[in-house]
Amino acid sequence: MKLRLARQTDAASLARVEQTRPQAAGWGESGFAGELGQPCARIWCACEENEIIGFVALRAAAGFCEILNVAVLPAYAGKGVGYRLLAHSLEELKKQGACRVTLEVAQDNKPACALYKKAGFVPLGLRKDFYGAGRNALILGTDV
Ligand SMILES: CC(C)(COP(=O)(O)OP(=O)(O)OC[C@H]1O[C@@H](n2cnc3c(N)ncnc32)[C@H](O)[C@@H]1OP(=O)(O)O)[C@@H](O)C(=O)NCCC(=O)NCCS
């Protein structure tokens, strides 16, 4: 598995991965294309035989970073792809200087919550009923 930064030409492939995961942000191809054009945006992708199998999309500026969208193809789930992507993204942020990293996740999204906990994220806050009645959003963060 190789990790690399996504390029503008990857928008359709990223959207295909995202489409397999209803819990992802739902940007679609045009959303990824727009994001890849933003100077503070980075999308790290994991590739197997030159095909994108997972990604972590973030925006970083002035010592703050927000993780905005994460997904791994179901066929590759549970094989360490998400963790490697996240750990690599945090390492790269650290190389650029100290950074506070935050994200939002549905409290009932157990795989994602466990992944972020393993990567060192801790709860910073809770948005009650954010995704509808009884579905809370957790705000998580870590310092790198
Ligand atoms: C969340 C997601 C990216 C995890 O990717 P992954 O490659 O399957 O995760 P990994 O194999 O790297 O697992 C890393 C850790 O995550 C947790 N985890 C992963 N899958 C899990 C599952 N099905 N149940 C519980 N914990 C899980 C575990 O803590 C695991 O560490 P361990 O293997 O030491 O137990 C993937 O499930 C996914 O794409 N989900 C849908 C999209 C999504 O939820 N995005 C996040 C929105 S905020």
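These numbers were taken from a predicted model, which means no experiment stands behind them. Start at 1 and go down the list; that is how both ligands and their atoms are numbered.
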**Request:** State, with a plain yes or no, whether a side-chain heavy atom of W27 is found less than 4.5 Å away from one of L68.
**Result:** yes
**Prompt:** When clusters are formed by joining ILVMFWY residues with side-chain heavy atoms under 4.5 Å apart, either directly or through shared neighbours, do L58 and L5 land in the same one?
**Reply:** yes
**Message:** If we set the cut-off at 4.0 Å for heavy atoms, which region of Q23 has an atom near ligand 1: side chain, backbone, both, or neither?
**Reply:** both
**Complete:** Note: E104, heavy atoms under 4.0 Å from ligand 1, region reported as backbone
**Message:** Looking at Q23, I'd like to know if its CD atom is crowded, meaning that more than 12 non-hydrogen atoms belonging to other residues, nucleotides or ligands lie closer than 6.0 Å.
**Reply:** yes
**Asked** For Q8, does the CD atom have more than 12 heavy-atom neighbours from other residues, nucleotides or ligands under 6.0 Å away?
**Response** yes
**Message:** If you measure every N or O of V105 against every N or O of ligand 1, does any of those distances drop under 3.5 Å?
**Reply:** no
**Fill in**
min-distance protein heavy atom vs atom 27 (C) of ligand 1 -> P111 CA, 3.6 Å
**Prompt:** For ligand 1, which atoms, with element, lie under 4.0 Å from some heavy atom of G78?
**Reply:** 6 (P), 8 (O), 11 (O)
**Message:** Using a 4.0 Å heavy-atom cut-off, which part of V70 comes near ligand 1: side chain, backbone, both, or neither?
**Reply:** both
**Message:** Suppose I only count heavy atoms of V81 and a 4.0 Å limit; which atoms of ligand 1 are within that range?
**Reply:** 7 (O), 12 (O)
**Message:** My understanding is that we take every heavy atom of each candidate and find the minimum distance to atom 7 (O) of ligand 1. Doing that for A77, A114, G82, A24, which one comes out nearest?
**Reply:** G82
**Request:** Check whether more than 12 heavy atoms from other residues, nucleotides or ligands sit under 6.0 Å from atom CG of D129, and answer yes or no.
**Result:** yes
**Over 12 non-hydrogen atoms of neighbours within 6.0 angstrom of CD in E51** = no
**Asked** Are any side-chain N or O atoms of E18 and backbone N or O atoms of G28, one a donor and one an acceptor, separated by less than 3.5 Å?
**Response** yes
**Nearest neighbour in protein (non-hydrogen) for atom 12 (O) of ligand 1** = Y83 N, 2.8 Å
**Request:** Could you list the atoms of ligand 1 found under 4.0 angstrom from a heavy atom of A112?
**Result:** 1 (C), 44 (O), 46 (C)
**Request:** Check whether any protein heavy atom sits under 4.0 Å from atom 35 (O) of ligand 1.
**Result:** no
**Request:** Show which atoms of ligand 1 fall inside a sub-4.0 Å distance from at least one heavy-atom site of A71.
**Result:** 39 (O)
**Request:** Please determine if R42 and E92 form a salt bridge, counting it only when a charged side-chain N lies under 4.0 Å from a carboxylate O.
**Result:** no
**Request:** Using a 4.0 Å heavy-atom cut-off, say whether K79 meets ligand 1 through its side chain, its backbone, both or neither.
**Result:** backbone
**Complete:** re atom 4 (C) of ligand 1, the protein heavy-atom contact at minimum distance is L115 CD2, 3.9 Å
**Heteroatom proximity flag, G80 to ligand 1, N/O under 3.5 Å** = yes
**Prompt:** Is Y83 reachable from L93 through a run of I, L, V, M, F, W or Y residues, each pair having side-chain heavy atoms under 4.5 Å apart?
**Reply:** yes
**Request:** Closest by any non-hydrogen atom to atom 40 (N) of ligand 1: pick that one out of R21, K118, K110, K117.
**Result:** R21
**Prompt:** I43 versus D10: any side-chain heavy-atom pair under 4.5 Å?
**Reply:** no
**Prompt:** Are M1 and K79 close enough that some pair of their side-chain heavy atoms sits under 4.5 Å apart?
**Reply:** no
**Prompt:** Is it the side chain, the backbone, both or neither of Y116 that has a heavy atom closer than 4.0 Å to ligand 1?
**Reply:** side chain
**Request:** Tell me, yes or no, whether the heavy-atom count around F64 atom CZ, taken from other residues, nucleotides or ligands under 6.0 Å, exceeds 12.
**Result:** no
**Message:** Starting from atom 44 (O) of ligand 1, what is the nearest protein heavy atom, named by residue and atom, and what distance separates them?
**Reply:** N109 ND2, 2.7 Å
**Request:** Out of L85, I53, V72, indicate the one that has the non-hydrogen atom closest to atom 5 (O) of ligand 1.
**Result:** V72
